[in-house]
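Since the structure comes first, as structure tokens, the remarks are kept for the end.
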Amino acid sequence: MNLLINSPSWNYREGELYCEEVPLKRIARKVGTPVYVYSRRHLVEAYREIISAWRGRSHLVCFSMKSNSNRAVIRTLVGEGSGIDVVSGGELFRALRAGAPPEKIVFAGVGKTEREIIEGIEAGILFFTVESLPELELISRTADRLGKTAPVALRVTPDVDPKTHRYITTGKAENKFGLDREEALDFYRRCLKLPGIAPVGIHMHIGSQILQTAPFREGVDRLVGLLKKLKGEGISLKYLDIGGGMGISYQGEEPPPAAAYASALRPLLKGLRLTVILEPGRFITGNAGSLLTSVLQVKKKAKKSFVIADGAMNDLIRPALYEAWHQIVPVSPGKGKPRRFDVVGPICETGDILGAGRSFPEPAPGDLLAVLSAGAYGAVMGSNYNSRPRPPEVLVDGDTFRIVRKRETYRDLVRGELD
Ligand code: LLP
């Protein structure tokens, strides 16, 4: 079988799928299935690829933990020097607990509560990304009451089309995110008049799974225009946060390497004394992980054949939610003639599909399949639908692996329930 993803950490060796130096069947035997498996090496290499692309320019990578909030994943990246992009009080709690330095945490989100704002101020984060004037006023009142100053960056909607799925497009004028460019100058003028506020940056995030550098270039160009106007008014900002969104290969796409983004953007930033912030999520975690699942049954109906797996849409919802395509491969492919199957889970929904129309030799019950590229927006979007305990997570490091989140139990399902 050919793997379509770009990851030297996932490979077949003598007919067996490995993550780094560990055969996946060893993990399945020890931990059971379904299980999320992540390669530590992939995480570190993807992070380092970005860092080296921006060498020579002041920059900070704030890993977007919404893509994967496992503590061991955060710790690995924080250990490399990464900051964290958080979007809720819960993410802030997790980031701090995993040892992320608060001065490298940026806090985004289209509707922050007062409690979340207090938590961010008290932690001493790098800045809040602010998405509206009422939110700016709430942050100002809250900081003033605490006797603190809250650093802020305006999230601007640069109104560029990232040419990705409409559900993950965020930087167009008609999306709910950010403020229009025309409102930006007023926003910063307002910052200067409000107590408890220090304007330190400007932010954009145009969408996710973007496969071209041009939308980033257009967006940054627009933000740089604003930065120049602001300078004319005596407002100098320290941070230009260009968000996340760098795409990866799911299906053999050829995403630009990190260096291509850096070289497309560097010329626009010439002469500007500021720190560039990047918020990659998927680029780091996507192809680091896969969902390992076992075949329960093969079911042949007149019109179609199904592989019923023990992993389902509650474990990985991307195919059901966005019709996202994940490569599904047998862990031990064997030599049989490939046949076509829909790979589905046991949940009572027609949409419980992991992958439709996939070809591989007919598996037997108990055989293992790997749903690839599931390290981003996989485990984090999991649920307990159909009262299915969520799967464990395993981190592979060279020839060893460890459980970094336990499998949920039936007890976990009812924890917190009252009569
Ligand atoms: N920064 C901000 C402000 C964001 O909203 C996001 C993602 C990121 C950074 C990270 O984007 P990335 O580098 O991972 O593309 N659940 C969807 C993706 C939603 C992305 C939401 N925002 C999916 O499964 O494809």
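In this chain, numbering begins with 1 at the start of the sequence shown. For ligands, and for the atoms within them, numbers begin at 1 and follow the listed sequence.
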**Pro280 neighbourhood, listing ligand 1 atoms whose heavy-atom distance to it stays under 4.0 Å** = 13 (O)
**Prompt:** Do any nitrogen or oxygen atoms of Tyr322 lie less than 3.5 angstrom from nitrogen or oxygen atoms of ligand 1?
**Reply:** yes
**Message:** For ligand 1, which is the ligand I care about here, please tell me if Phe283 has any N or O atom under 3.5 Å from one of the ligand's N or O atoms.
**Reply:** no
**Message:** Using side-chain heavy atoms (C-beta onward) and a distance below 4.5 Å, is Val37 in contact with Leu24?
**Reply:** yes
**Request:** Please determine if Arg26 and Glu21 form a salt bridge, counting it only when a charged side-chain N lies under 4.0 Å from a carboxylate O.
**Result:** no
**Asked** If you count the atoms of ligand 1 from 1 in the order shown, which ones are under 4.0 Å from a heavy atom of Gly244?
**Response** 1 (N), 9 (C), 13 (O)
**Message:** Can you confirm, on distance only, whether ligand 1 has an N/O atom lying under 3.5 Å from any N/O atom belonging to Ser67?
**Reply:** no
**Request:** May I ask which of Lys66, Glu279, His205, Arg318 has a heavy atom nearer to atom 25 (O) of ligand 1 than the others do?
**Result:** Arg318
**Request:** Answer side chain, backbone, both or neither: which part of Ser64 comes under 4.0 Å from ligand 1, heavy atoms only.
**Result:** side chain
**Message:** By the ring pair (Phe, Tyr, Trp, His ring centres under 6.0 Å) test, which pairs, at least two apart or in different chains, include something from residues 206-255?
**Reply:** Phe127-Tyr239, Phe216-Tyr261, Tyr250-His326
**Item:** Heteroatom distance test (Met246, ligand 1): nitrogen or oxygen, under 3.5 angstrom
**Value:** no
**Asked** Can you find a side-chain donor-acceptor pair between Asn314 and Ser383 that sits under 3.5 Å?
**Response** no
